[in-house]
Structures are given as C-alpha cells and as structure tokens.
Amino acid sequence: MTHFPSLLPSSISRNGPLGPFRGIILLFILALWLQPAPILAQSEDMPRQEQKALHRAQKLLSKDSADECLAELRRFRKKHGEPESALFHLVRGNALYSQKEYQKAEKAYSRGLDKAPDHPALLRNLASVCLRTGDPHRAGRLYRRAHEASEEPDPELLYHAGAAFYRAKAHERAFRALSRLFDQAGEIEPRWAELLVYTCLEAERWTRAERALDRLLEENPEQRRYWKLLAQVRLKQGQNRKAACALEIAYDLDAPDSSGWKNLANIYASAGAPLQAARTLEKACGETCSVKDLQRLARLYSRACRHDSAMEHLDRALKQEPSADLYLEKGRLCYRAGEFRQARVALEKALDRNPENNEARLWLGYAAWQLRDWDLARRSFDRVPRDGEHGKQAENGLQSVLAVIEAQDTGKTLSRKGG
C-alpha cells in the first residue's frame, strides 16, 4: 500500500493563562492512504489507455519519481487529450504536492472534484493543500465533506476537521465537529479529547471541557498535563479550591519549577486559603527567597493570623533590605496584631529612613493613640499634609487626639477646683 502525506506536521498555538497555564500547542499529522494503482484504475469506468497511464504514473510516484510521474501524465494528455477520470487529477495533484507545488496541486484536486464532487480522497487531499496555502477554514469544510462522502466514515476526518476549524479560530464549528466525533466513535483517543478540551476553552464551554477531561483522567490518571488542564477549566468557572486540588495532584506526579508553585500559591490566596498559599510559596522560594517573596509571605501569614511567622519572614526581608517601606510594612503588621510598641519602633525607623513617608507618620499616630501617648499622636497627625493622600485621616485623628487632650485638661482643672 502506498502512503502519501496529505498534511505535514502543523502547529496550532492558542489561548494563552488562563491563570498559570497560558500558551497551548497542538501538533497533529494527517495522512492519506492511496489505493494501489491497479485498483485505482479499475475503480472507475475509464478508457483502457488512461488506466495504463495511471498505473505507470502511480508506480513512478510510489518510487518518489514525481517528475517522471508528471511527464507520463503529460504524454497521455498530449496523445489522448483531456482525461475522463477524476483519479487522473488525484494522481497529478499528489505528484505536485510531493514537489511542494501547492497552488498547482490545489488546481489539480479541484479539477478532479469537478468530475467527482464527493470523492473522499480528493476532498481530503484538497483539505491538506488548503492548510498548506493558509486556508484552514476551507480545509475544515473539506474534511467534513470527506467524512460525509466516505462509505465507511473515518472518525479521523472529523478530528482533522475540528483541528482545522480550531486553527481558523472557528471554535464553534470545531466544537460541533468534535462533538459529532465523540457521538459517533466508540473508543475515544486522548488526542481527540485534548483537542476538544482546547476548543471548549476557546468557546467557553467549561462544563463540556470538564466532562472530556474526566474521561481522559479515568483512563490516564498519571498524565500531569490533564490535571493541569482540569485546574485551568475549574479556574475559569471560579472553582479556585477545586483547581488547587487538581494542581496539587499534577505536582505530586511531577514537581514543577518555582513558577508552578507560585501559580498554585496565587490560586490558594484567591481562594481565601492564605496559610496554604504561604506554605506553597515557601516551596517556590526554598532557602533563597527574594525580598518581594518574603514580604508576600509575611502578608499571607498575617492574613492567616500567624503573627510570629509573619514577623519572622519580614525580619528576614529587613536584613536583606532595611528600607523605609519594609519598616512601614512591619509597623502595619505589628499594629494589626496588637503589638503597638513594636509598631511604634518600626514606624520610627521608617521615618528615620524617609522623613517624608506620610503613611508611616499616620500609622505612628495610630500606634501612639493606642499607647495613650497623646503628645506623639498629636505631633504625628499634625505633620501629615492635609492636601495629600492621607490628609483627611490625619485630620480626623488629630481632632480626636485634641478632644482627648482637652477633656484631660478639663478634668485636671475641675479636679484642682474641687480639691
């Protein structure tokens, strides 16, 4: 049997994270199996001379002699005129295709279809040429027609139709072709299901995508990429905790790099699970956490009410970079944890490094308020510019402090008079 490639490997790139998983690459190969020349010649009612010419041409093509094949067909035309069979144009198109003469091959296949509009091999090969010449939408229609025209429909043709429509970004058509494939086929191949998943992602058919992935995972539970795709689908449905579970399984099968752990930490954080997010982020950092990662870890542990762990990571960050911003961060965390004296110390250090840090001055006023250091609170609030971002809060704080001071002074005065 002669094998003739009707489509060389073709990449499809689309749909890039949906969260952590942006950037999908599909690779598919289509192949047309040509019938041996004698059967081709006998399969249509044609003159005997044409049968012989086709037989010789097909033998030459099977030996990779495309030039001689085309020469044989030209001799026949010169001697006998226009051929009667569609198969003549099929063999000629195949020879031209093997020479990468795709435009000429397209014309040859099209002329064959003029004689036999429902010829499956011509439809399939013309679809392959259309992919080569940059018309995947037409290719999808031709593959679908080839499937409908076949006496024994090949499910691969629906798969290739779906892949071509996907490449043309006609995702609804791709979805319909692949859904039909799933309805008709008995055993589903993984690559069919994968393409359906990618198509569903583009068409935003999340439930259908999840069903296809469930089917894949039943037969291939060890495939890490399926668990990652399932996580992606769940993220699109807002099911962050379920997405995190799917990723945990994927990472148990094969540990990711640092970016993978950080992606999972992001999902846990958005799912309202700061402790899991922090522990996952620590896996990403190892012993070489950056200042930014240490700062984020401190915030996550603080959200999880793990004050000691939050301070530990923030202090590690301060050892690397004792900046005003980090001391402000520590001051805020200490304040929220009720550690007002530590907050005051951190905020004063922030102001030592940047006296213009008005947010640090505002928080210092709050910390002094909690410590009943009214003079420090008054001075802190009073030095925040009223036309700045924190001006209104500082003004409210100052008025409250002044009211307290005034009440205390009034109380002292009354106490003296009463005495």
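Scope of the values below: all heavy atoms of this structure, side chains included, with no hydrogens, waters or symmetry mates.
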*Does Tyr97 have its ring centroid less than 6.0 Å away from the ring centroid of Tyr109?*
no
*Would you say the side-chain atoms of Ser270 pair up with the backbone N or O of Asn266, donor to acceptor, closer than 3.5 Å?*
yes
_Less than 4.0 angstrom from a charged side-chain N to a carboxylate O is my criterion; do Glu172 and Arg205 meet it?_
yes
_Donor-acceptor check, side chain of Trp227 to backbone of Pro221, threshold 3.5 angstrom: yes or no?_
yes
*Mark yes or no: Arg208 above the aromatic ring of Phe182, with NZ or CZ under 6.0 Å from the six-membered ring centre and no more than 45 degrees from the axis.*
yes
*Can you tell me if NZ on Lys104 sees more than 12 non-hydrogen neighbours from other groups inside 6.0 Å?*
no
*Can you check side chain to side chain donor-acceptor pair (under 3.5 Å) on Ser259 and Asp257, steps first, answer last?*
CA-CA 6 Å; Ser259 64; Asp257 59 14; 2.7 Å; yes
*Is the shortest heavy-atom distance from the side chain of Lys330 to the side chain of Asp315 under 4.5 Å?*
yes
*Of all heavy-atom pairs between Leu178 and Leu158, which one has the smallest distance, and what is that distance?*
CD2-O, 4.3 Å
*Is Arg132 paired with Glu106 through a side-chain N to carboxylate O contact shorter than 4.0 Å?*
no
*Okay, side chain of Arg386, backbone of Val384: is any donor-acceptor separation there less than 3.5 Å?*
yes
*CA sep, side-chain torsions, deciding dist, call: Glu194, Tyr226, side chain to side chain donor-acceptor pair (under 3.5 Å)*: CA-CA 8 Å; Glu194 286 187 44; Tyr226 297 159; 2.9 Å; yes
_Less than 4.0 angstrom from a charged side-chain N to a carboxylate O is my criterion; do Lys169 and Glu202 meet it?_
no
*Is a side-chain N or O of Arg353 found less than 3.5 angstrom from the main chain of Pro322, in a donor-acceptor match?*
yes
*Side-chain donor or acceptor of Asn220 paired with backbone N/O of Gln223 under 3.5 Å*: no
*Do Phe165 and His137 have their ring centres less than 6.0 Å from each other?*
yes
*Answer yes or no: is there an ion pair linking Lys63 with Glu68, defined by an N-O contact shorter than 4.0 Å?*
no
*Looking only at heavy atoms, what is the nearest atom pair of Asp293 and Leu281, with distance?*
O-CD2, 4.0 Å
*Give the minimum heavy-atom separation between Glu72 and Ala53, together with the two atoms involved.*
CG-O, 3.8 Å
*Given side chains that start at C-beta, do those of Val197 and Gln232 come closer than 4.5 Å, heavy atoms only?*
no
*State, to 0.1 Å, how close Lys228 and Ala250 come at their nearest heavy-atom pair, and which atoms those are.*
CG-CB, 3.9 Å
*Hey, is the main chain of Ala108 close enough, under 3.5 Å, to the side chain of Arg92 for a donor-acceptor pair?*
no
*asked:* Other residues, nucleotides and ligands only: do more than 12 of their heavy atoms fall within 6.0 Å of CD on Glu389?
replied: no
*Would a 4.5 Å heavy-atom cut-off, applied to side chains only, mark His55 and Lys59 as touching?*
yes
*Within the distance-only criterion (no hydrogens, no angle test), does the side chain of Arg303 pair as donor or acceptor with the backbone N or O of Pro274 below 3.5 angstrom?*
no
*Kindly indicate whether the side chain of Leu196, heavy atoms from C-beta on, has any atom under 4.5 Å from the side chain of Phe175.*
yes
_Heavy-atom pair of closest approach, residues Leu326 and Glu321_ = CD1-O, 2.9 Å
*asked:* Taking the ring centre of each residue, are His171 and Tyr166 less than 6.0 Å apart?
replied: yes
*So, are Asp183 and Arg180 salt-bridged, with charged N and O less than 4.0 Å apart?*
no
*For the side chain of Arg361 and the backbone of Ala394, is there at least one donor-acceptor N/O pair under 3.5 Å apart?*
no
_Could you check whether Asp375 pairs with Arg379 (Lys NZ or Arg NE/NH1/NH2 to Asp/Glu carboxylate O, under 4.0 Å)?_
yes
*asked:* Determine whether a donor-acceptor pair (N or O, by modelled atom type, separation under 3.5 Å) exists between the side chain of Ser179 and the backbone of Arg176.
replied: no
*Are Leu376 and Arg344 side-chain neighbours, meaning at least one heavy-atom pair lies under 4.5 Å?*
yes
_Flag side-chain contact, heavy atom, 4.5 Å: Met311 against Cys334_ = yes
*asked:* Using a strict threshold of under 4.0 Å (side-chain N to carboxylate O), is an ion pair present between Arg332 and Glu329?
replied: yes
*With Trp369, which of Trp363, Tyr335, Phe340, Trp374 fulfils ring-ring contact (aromatic ring centres under 6.0 Å, His included)?*
Trp374
_Please give me the minimum heavy-atom distance between Leu122 and Ala86, naming the atom from each residue._
CD1-CB, 3.8 Å
_Could you check whether any side-chain N or O of His313 sits under 3.5 Å from a backbone N or O of Ser309, counting only pairs where one atom can act as donor and the other as acceptor?_
yes
*Under a 4.0 Å N-O cut-off, is there an ion pair linking Lys242 with Glu210?*
no
*asked:* With a 4.0 Å cut-off on N to O distance, would you call Arg215 and Glu218 a salt bridge?
replied: no
